[in-house]
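The structure appears below as structure tokens.
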Amino acid sequence: MGTEAATLAAEPSVPVATMAAVVKTAPGAGNVTVMRVPEPQCGPGQVKIEVAFSGICGTDLHVYHDRFRNYPPVILGHEFSGVVTEVGAGVHSLRPGDRVTVLPASAVICGSCEYCRQGYYMFCPVRRGMGHGVNGSFTRFAVVREDQVYRLPPGLSLEEGALAEPFASAVQAVEELGEFRFGDTVLISGPGAIGLLCLLLLGHRTRTIVAGTASDQVRLELAGKLGADVLVDVSREDLLAVVDRETGGRGVDVALECAGAAASVSNCLGALGKLGRYVQLGIVGAEITVPFDLLLYKQIRLWGSVGYSARTWVRVMQILGQNRLDLSRLVTHKLPLSRWREGFDLCESKQAVKVLLYYDET
Ligand SMILES: [Zn+2]
Ligand SMILES: [Zn+2]
């Protein structure tokens, strides 16, 4: 290490290309800033991508506040699309100019545990995802393994491509768990990006009630535009009374908990009818008190849904390839990277649904 540094210092200075990046610089709350970092190098088996759009996610906010495990210094951001600029030795499935999106959760995996072998990377014991475990996408270039990269279907915009990752979380919950059936009445509790992507995916297959709180007005309004049949602001209306009215007292067939709040979990359990189905997508982040016996008395089936698997991404690409859903309808703001803080504030205050950042030199 020391020798290397000495050699570098002795040589005539070779300019190292740098780029701006939103970096978590140190552990603890805050400690996020825009700074210049070296451009990443593309090694064997790797792909270098020029980021086009990168969405701000709840996870980025959690990393900012240090409520989610992170390894500073690290570039934030993990939901992105871009264009391939370079491929490393041995990469044959991609070439420069390809428009792509990336499965960011598997940036570091062992590749050989029972979960990795099934594509369930979320459960790999050594896993580290982009944007908190390793450098992410709030910058100009990202370098990833070839197997993390998915080419965008023709006709799909780079804006939509940036939404593939959160969409994958919705696809796992709706298409692989929950056992949704045409004609079901569904409660989506929590109108954030994941909840609204579930709504988009359910479309006309189900009658859908979307519930939020007083601070969710912008998001509830968008839910209405995206086809929600009933909107409920739980600070003004009794959700269970609305559900009773809308289902003739039966209760909903499926509840999707997307808020990650105790009151929302209780509402979902209460709103479900007998033999109902429950999918937990929100992260509550604390031990909570809920009417747990309802699981038994109503004989509810419950699924936890965390992220997605490689199998989910195959389905994601099939759905996006058919171009029947317009994911870009969730994009409320597009901001240059230099205005990242404004973007974070818009998400925090729930004035935005999805904010996309694009690169600018700062
Ligand atoms: Zn995310
Ligand atoms: Zn593994």
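Remember, it's 1-based here, ligands and their atoms both numbered in the order they're listed. Both backbone and side-chain heavy atoms feed into the values below; hydrogens, waters and symmetry mates do not. Residue numbers run from 1 in the order of the sequence given.
Closest of all the heavy-atom pairs between V34 and A20 is CG1-CB, 4.2 Å. Between S266 and V290 the shortest heavy-atom distance is OG-CG1, 3.8 Å.
With a cut-off of 2.8 Å, the Zn ion (ligand 1) has no N, O or S atom of D60 in range.
Using a 4.0 Å cut-off between charged nitrogen and carboxylate oxygen, K334 and E159 count as a salt-bridge pair. Ion pairing between R117 and E114 fails under the 4.0 Å rule for side-chain N and carboxylate O.
Residues D216 and T213 bring a donor and an acceptor atom of their side chains to less than 3.5 Å of each other. With no hydrogens or angles considered, no side-chain donor-acceptor pair links E79 and S54 at under 3.5 Å.
Annotation: angle subtended at the Zn ion (ligand 1) by E79 OE2 and C57 SG is 90°, to 10°.
Within a radius of less than 2.8 Å around the Zn ion (ligand 2), the protein N, O or S atoms are C110 SG, C113 SG, C116 SG, C124 SG.
A heavy-atom distance below 4.5 Å is found between the side chains of L325 and I319.
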